[in-house]
Enquirer: 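First the structure, then my questions, so here it is.
Everything numeric here is computed off the predicted structure, so don't read it as measured data.
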Amino acid sequence: AACAPRRAAKPLVGGEDARSLIERAAPISVRQDNPKKGASALRYAKYMAATTAKEYIDLGGSRADLKHDINKGFVKVLAPAAAAPAVVVMPPPAPAAAVPPA
């Protein structure tokens, strides 16, 4: 049986996906009053001290938790991904005019 193709990561409220936030250890701010209940509240209590997306995962949050918390406003990404530098294409220089011999 063939495997289903992998779905593209869904962008979050800032346009970036959770995986890239974690890979670049994006700085985050986590709401300090725990808005959750049950098992998710216990996980939240562990990762609410995180200051980067990578630390959030290291402290027990999952990628799904991170996506949910960003989309709900419980976590804010403090530094969006840097835009790719603009590439300026310059036209080639005009050929030098022929100078008649003196």
Enquirer: Is Leu66 close to Ile70 at the side-chain level, that is, under 4.5 Å between some pair of heavy atoms?
Expert: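 Of all side-chain heavy-atom pairs linking Leu66 with Ile70, at least one is under 4.5 Å.
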
Enquirer: Ignoring hydrogens, what is the shortest heavy-atom contact between Ile28 and Val75? Give both atom names and the distance.
Expert: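 Smallest interatomic distance, heavy atoms only, reads CB-CG1, 3.9 Å.
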
Enquirer: Using the rule given for side chain to side chain contact (heavy atoms under 4.5 Å, CB included), can you reason through His68 versus Lys36, listing the C-alpha separation, both sets of side-chain angles and the distance that settles it, and then say yes or no?
Expert: CA-CA 12 Å; His68 177 268; Lys36 300 190 176 192; 3.9 Å; yes

Enquirer: Specify the closest pair of heavy atoms between Asn34 and Ala45, including all atoms of both residues, with the distance to one decimal.
Expert: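 In terms of heavy atoms, the two residues are closest at ND2-N, 3.8 Å.
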
Enquirer: Quick one: CG on Leu21 to CD on Glu16, what's the gap to the nearest 0.5 Å?
Expert: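 One finds 4.0 Å between CG of Leu21 and CD of Glu16.
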
Enquirer: Please report the interatomic distance NZ(Lys67) to CZ(Arg19), rounded to the nearest 0.5 Å.
Expert: 9.0 Å

Enquirer: Quick one: are Tyr44 and Arg31 in side-chain contact, heavy atoms under 4.5 Å?
Expert: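 Yes. Closest side-chain heavy atoms under 4.5 Å.
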
Enquirer: How close do Val77 and Ala26 get, heavy atom to heavy atom, and via which atoms?
Expert: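 Result for this residue pair: CG1-CB, 4.4 Å.
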
Enquirer: Can you list everything that forms a salt bridge (charged side-chain N to carboxylate O under 4.0 Å, His left out) with Lys54? Sequence neighbours excluded, please.
Expert: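 Salt bridge (charged side-chain N to carboxylate O under 4.0 Å, His left out) list for Lys54, sorted by chain: Asp58.
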
Enquirer: Is the closest side-chain heavy-atom distance between Tyr56 and Asp69 below 4.5 Å?
Expert: yes

Enquirer: By ring-ring contact (aromatic ring centres under 6.0 Å, His included), which residues pair with Phe74, not counting sequence neighbours?
Expert: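 Counting only residues at least two positions away or on another chain, Phe74 forms no ring-ring contact (aromatic ring centres under 6.0 Å, His included).
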
Enquirer: Does any part of the side chain of Val30, heavy atoms only, come nearer than 4.5 Å to the side chain of Thr51, both counted from C-beta?
Expert: no

Enquirer: Would you call Arg63 and Ile22 a side-chain contact if the rule is heavy atoms closer than 4.5 Å?
Expert: yes

Enquirer: Within the structure provided, determine whether Asp65 and Arg43 are in side-chain contact (heavy-atom separation under 4.5 Å).
Expert: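 Result yes, sub-4.5 Å side-chain heavy-atom pair found.
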
Enquirer: Report the distance from atom CD of Glu55 to atom CD1 of Ile57, rounding to the nearest 0.5 Å.
Expert: 11.0 Å

